[in-house]
Amino acid sequence: MKMIGNLERPVSQQIRHAVESVMKRKLYIALAALFLVGSFFLSQAILFDSAVPFFLPIWALAQLRFRKHLLWAFIGGMAGSALLGVGQAVIHLLELLLFSVVVKQPLLRKSIPLTVAGCIIVVQVVWQFIMFGGNPPVIVQLTIGFEAVIALFMTFFLLVAFPHTERILFGQWTPERLGAICIVGTMATTGMGGLMIGPVSIPGVLLHLTILLAALAGGLPFSTTIAMMIAAIAGIAELSFTGMMAVYGMTGFFAGAFRRLGKLGIATGGLAVSVFFLLYDLTLPLDASHFYTIAAASFLFFLVPAKKMEPIRNIFVTENPDMSVKRQKWLTDRMNEQLKDFQQFANFMSTLVNDRFSDDQEEPDRAIPTICQSCFRYSKCWENKDEGMARLLYEWESTYSATKKAARHRVEERIKQKCIRSNGLITEMEEQSTNRLLMGQLQHGRKMLALQLRDMSSHLEKIMSEIKEDLSVHKVAEEELAKRMERQGIEFYQIDILSEVRGAYQIVCSVPEKRSAFETDTTVAERLIVPILEEMYGEPFKVAKSVAEQLPFPHLQLTFSSAVRFSMEYGVVATAGTGTFFAGDAYEIFPIHDGLTAVLLSDGMGQDVNAYRESRKVIRLMRECLDRKMDPETAMHTLHYMMSLNGLDDMYATLDLALLDLQDGKLWSWKAGSMSTYIKRGQEFIRLDSKSVPVGFLPSFSVEAKNEELKSGDLIVMLTDGMFHPNVSIEKQEQTLYRILDTHGDLSAEVVSDKIMAEMERKFGMVADDRTVLVMKIDHILPKWQTIRPHDRIISRERVVV
């Protein structure tokens with residue numbers, strides 16, 4: 001039986017895999033060929049008929065930025081040097097060895113062009129001193145100086161023309177880089193010498209083609225500049241043909257001048273100059289080979305698509321302001337006006353509701369029913385306090401909205417015993433209570449609408465700010481971060497800021513792959529880049545992800561995000577009061593984002609499955625509101641409104657909402673009929689209280705937030721009312737709770753919650769109510785390389801937040 005892996009693959013499939021492997025390495029192959037051919041011709045380039053200055057600059061470029069291609073640079077360079085003579089090959093080899101030794105020094109590595117020039121001077125001086133017996137001629141000394149200066153400038157041009165591997169194809173083109181490439185290419189053609197294919201000169205084809213392409217891309221100024229550069233370099237390389245400088249210069253001028261006529265006009269302009277000088281100056285080497293060369297260059301010029309020159313053309317073309325920019329500005333201004341009007345409307349509604357229905361507004365005195373005012377027993381029922389009619393009516397009103405009607409019926413029976421017109425009185429009381437209930441719901445509905453309008457206004461404002469931000473805002477930050485990294489000498493390829501929201505920053509930075517064996521993928525990120533980000537944004541950062549990418553070039557892609565200063569450990573213990581499976585208490589802890597955690601604790605009224613469902617409903621609705629970025633205060637009012645839609649059903653639940661900002665170290669607490677929250681800090685205890693009623697309990701509803709700064713080592717305790725025995729004073733039970741936290745506060749949050757439940761039951765006994773205690777422990781997050789952990793400090797403060 002043959003396995004699939006052992007089957008012989010078709011020839012076409014093997015060829016396809018071979019082609020795919022070559023395509024994946026096409027950049028490496030192209031650079032290897034470039035260094036092999038370029039170093040070969042540059043090492044043969046001779047200036048001033050005696051200076052050979054270009055081998056060491058291209059070797060320095062390969063050693064500094066393209067270490068994977070050092071072998072190809074060495075092979076090409078030494079092969080070209082050997083064609084000039086054994087002595088020249090030895091000189092280049094000595095320069096290479098000296099440069100490889102001295103470049104390891106940090107001081108000499110800061111200026112590579114000067115280091116290259118210095119190495120050439122040292123080797124050439126020693127070599128010529130030996131060759132001429134200690135007395136080299138002045139012309140030789142001048143040649144050494146010329147060679148060192150030209151090598152210095154050539155090194156500079158090479159470093160500008162060829163950045164790191166990934167930026168060669170994907171980096172931004174600049175006029176400086178383009179000019180440096182033209183200079184390097186022209187220098188390489190001088191080393192080609194008399195390379196011919198039949199009557200066609202290969203260097204001549206390349207030079208003439210460069211002038212024509214420059215005219216197509218940049219017009220008259222660019223083509224003239226490139227032509228004069230070529231003319232100057234060709235004249236320096238071959239002093240006997242300095243007259244060709246005028247030919248090259250005029251070719252660039254006329255080719256650029258005829259650019260408006262298209263490719264045909266450019267080619268005609270380049271040819272016309274050579275024809276003119278052929279008739280004018282017979283001393284120039286304008287033979288048949290020269291015109292064959294121009295014909296070959298023009299043919300290749302017509303084959304080059306005009307679209308391929310667009311990136312170069314964009315460098316010189318000044319962009320005019322587009323009408324779309326003005327249209328976008330007009331649209332932004334209009335949206336700002338509409339948003340401002342909407343915000344004013346939202347503020348008006350909020351002010352109107354708060355002024356008309358103040359939360360602190362005192363309850364008006366209850367009016368005496370009209371049926372009682374016309375009754376002959378009015379004085380006996382209302383002026384005689386012993387009769388207690390006012391107290392009976394107050395008890396009736398308090399039981400009106402209760403689910404269980406037995407309590408109200410008992411009060412009605414007592415009213416019938418004292419009132420001879422009880423039926424009419426109860427009917428009038430029902431009308432008044434219904435009106436108050438509807439008025440309370442209307443008041444709360446208006447307030448909830450005002451809060452929702454305020455939240456909607458905030459969301460629209462955030463959307464508008466994000467629209468107006470656009471990419472320009474991130475671009476400014478990216479440029480600032482790039483400058484900071486350059487000042488620190490950190491190499492990078494690209495910086496992308498995906499989010500600039502405080503507490504939720506997200507920055508992607510591409511850096512070179514690790515250079516030394518002791519490095520990890522995140523060494524540079526954690527030790528160098530993270531401190532820069534923390535200084536720039538004023539908050540901690542972490543390396544969220546590190547990915548080694550191979551395409552389109554090998555590099556590390558590092559993702560930085562906002563770090564969280566504090567960690568939260570929690571433990572929960574819940575017990576059903578009746579010993580059943582379902583308990584009226586419910587809780588949930590979930591992160592809104594990495595730095596913000598929500599804690600919900602609800603106690604449904606009762607100990608049966610209905611109370612369990614009610615508390616779970618409160619938890620679920622509150623989580624949905626928070627997940628949809630609703631303000632907590634608005635969420636509490638919305639939840640109360642939805643719970644009050646039960647009508648006369650007495651189904652309500654307490655709610656304890658805590659938001660923990662683990663980045664800035666803050667606690668916000670909203671309570672609706674829930675127990676106090678206790679915070680232990682060292683030897684101090686802080687209590688957060690609230691007098692709000694449970695959600696869905698009364699027609700009117702108000703809630704306010706308490707906030708507290710958090711410290712490392714804080715213990716936060718949230719509990720339901722079943723934890724405290726109703727027949728024992730609250731103060732005594734709180735003292736027991738404090739003692740438990742003092743004794744077991746150093747243990748884990750889960751153990752502390754177990755201890756609280758066990759000790760409270762042991763000392764005060766069990767109650768017939770559901771019990772839940774939730775303990776959270778706050779601590780600092782320390783870096784992995786931190787060796788010294790800060791000791792807990794005792795912070796004393798004589799105050800209690802109420």
Side-chain angles (χ1 to χ4, degrees), residues 398 402 404 407 570-580 582-587 599-608 611-612 614-615 650 652-658 669 671-695 697 706 708 714-747 749-777 798-802:
S398 61
K404 298 179 180 180
Y570 69 91
V572 184
V573 177
T575 305
T578 57
T580 60
F582 294 103
D585 297 346
Y587 69 90
V599 182
L600 297 173
L601 181 61
S602 177
D603 182 7
M605 296 299 103
Q607 297 87 35
D608 55 3
Y612 170 78
E614 205 67 19
S615 60
D650 186 18
Y652 51 89
T654 66
L655 180 62
D656 197 348
L657 167 62
S669 177
K671 295 180 178 293
S674 57
M675 294 290 291
S676 302
T677 296
Y678 300 92
I679 303 176
K680 178 185 181 299
R681 179 173 301 157
Q683 301 299 321
E684 181 187 10
F685 292 91
I686 305 169
R687 188 178 68 241
L688 303 179
D689 291 336
S690 177
K691 298 180 180 179
S692 299
V693 298
V695 290
F697 181 64
K706 304 289 184 179
E708 181 67 23
D714 283 356
L715 276 176
I716 305 173
V717 180
M718 298 170 59
L719 42 81
T720 57
D721 56 358
M723 291 297 300
F724 286 173
H725 201 285
N727 299 328
V728 183
S729 65
I730 296 293
E731 292 77 9
K732 184 177 180 180
Q733 297 182 78
E734 285 181 346
Q735 292 300 322
T736 302
L737 176 63
Y738 296 158
R739 189 176 66 256
I740 296 172
L741 295 178
D742 271 332
T743 305
H744 307 287
D746 295 334
L747 302 177
E750 188 174 356
V751 175
V752 173
S753 59
D754 287 333
K755 294 292 184 182
I756 293 175
M757 180 68 74
E759 290 293 325
M760 296 295 286
E761 290 182 355
R762 182 187 63 81
K763 185 166 184 178
F764 301 107
M766 297 180 62
V767 297
D769 195 3
D770 304 319
R771 301 175 299 282
T772 301
V773 57
L774 194 154
V775 178
M776 293 165 283
K777 195 170 186 179
E798 296 180 357
R799 72 182 181 90
V800 174
V801 180
V802 179

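Evaluation of the side-chain contact (heavy atoms from CB on, under 4.5 Å) rule for Ala574 yields Thr772 as partners, not counting sequence neighbours. Considering only residues two or more places apart in sequence or on other chains, Met757 meets the side-chain contact (heavy atoms from CB on, under 4.5 Å) condition with Val573, Thr575, Met723, Glu761, Arg771, Val773. A search for side chain to side chain donor-acceptor pair (under 3.5 Å) contacts involving Glu759 returns Arg762, not counting sequence neighbours. Residues that satisfy the side-chain contact (heavy atoms from CB on, under 4.5 Å) test with His744, not counting sequence neighbours, are Ile740, Leu747, Lys755.
Within the structure, the salt bridge (charged side-chain N to carboxylate O under 4.0 Å, His left out) test picks out the following pairs touching residues 730-743 (sequence neighbours left out): Lys680-Asp742, Arg687-Glu734.
Between the OH atom of Tyr678 and the CG atom of Asp689 there is a distance of 7.0 Å, given to the nearest 0.5 Å. Taking CG from Leu688 and NZ from Lys671, the interatomic distance works out to 6.5 Å, rounded to the nearest 0.5 Å. Residue Ile686 holds its CD1 atom at 9.5 Å from CD1 of Ile716, rounded to the nearest 0.5 Å. Residue Leu600 holds its CG atom at 11.5 Å from OG of Ser615, rounded to the nearest 0.5 Å. Atom CG of Leu715 sits about 6.0 Å away from atom CG of Leu741, to the nearest 0.5 Å. The CG atom of Asp603 lies 10.5 Å from the CG atom of Asp656; values are rounded to the nearest 0.5 Å.
Ser602 places a side-chain N or O within 3.5 Å of a backbone atom of Thr654 that can act as its donor or acceptor partner. Although no hydrogens or angles enter the test, the distance criterion places a donor-acceptor pair under 3.5 Å between the side chain of Lys777 and the main chain of Asp746.
When all heavy atoms are compared, the tightest approach of Val728 to Gln733 is O-NE2, 3.0 Å. Nearest heavy-atom pair, Gly571 versus Ala749, reported as atom, atom and distance to 0.1 Å: N-CB, 3.6 Å. Across every non-hydrogen atom of Thr720 and Met675, the tightest pair is C-CG, 3.6 Å.
The environment of Tyr570 atom OH is sparse: at most 12 non-hydrogen atoms of other residues, nucleotides or ligands sit within 6.0 angstrom.
Relative ring orientation between Tyr738 and Phe685 is described as parallel, the plane-to-plane angle staying below 30° on a 0-90° scale split at 30° and 60°.
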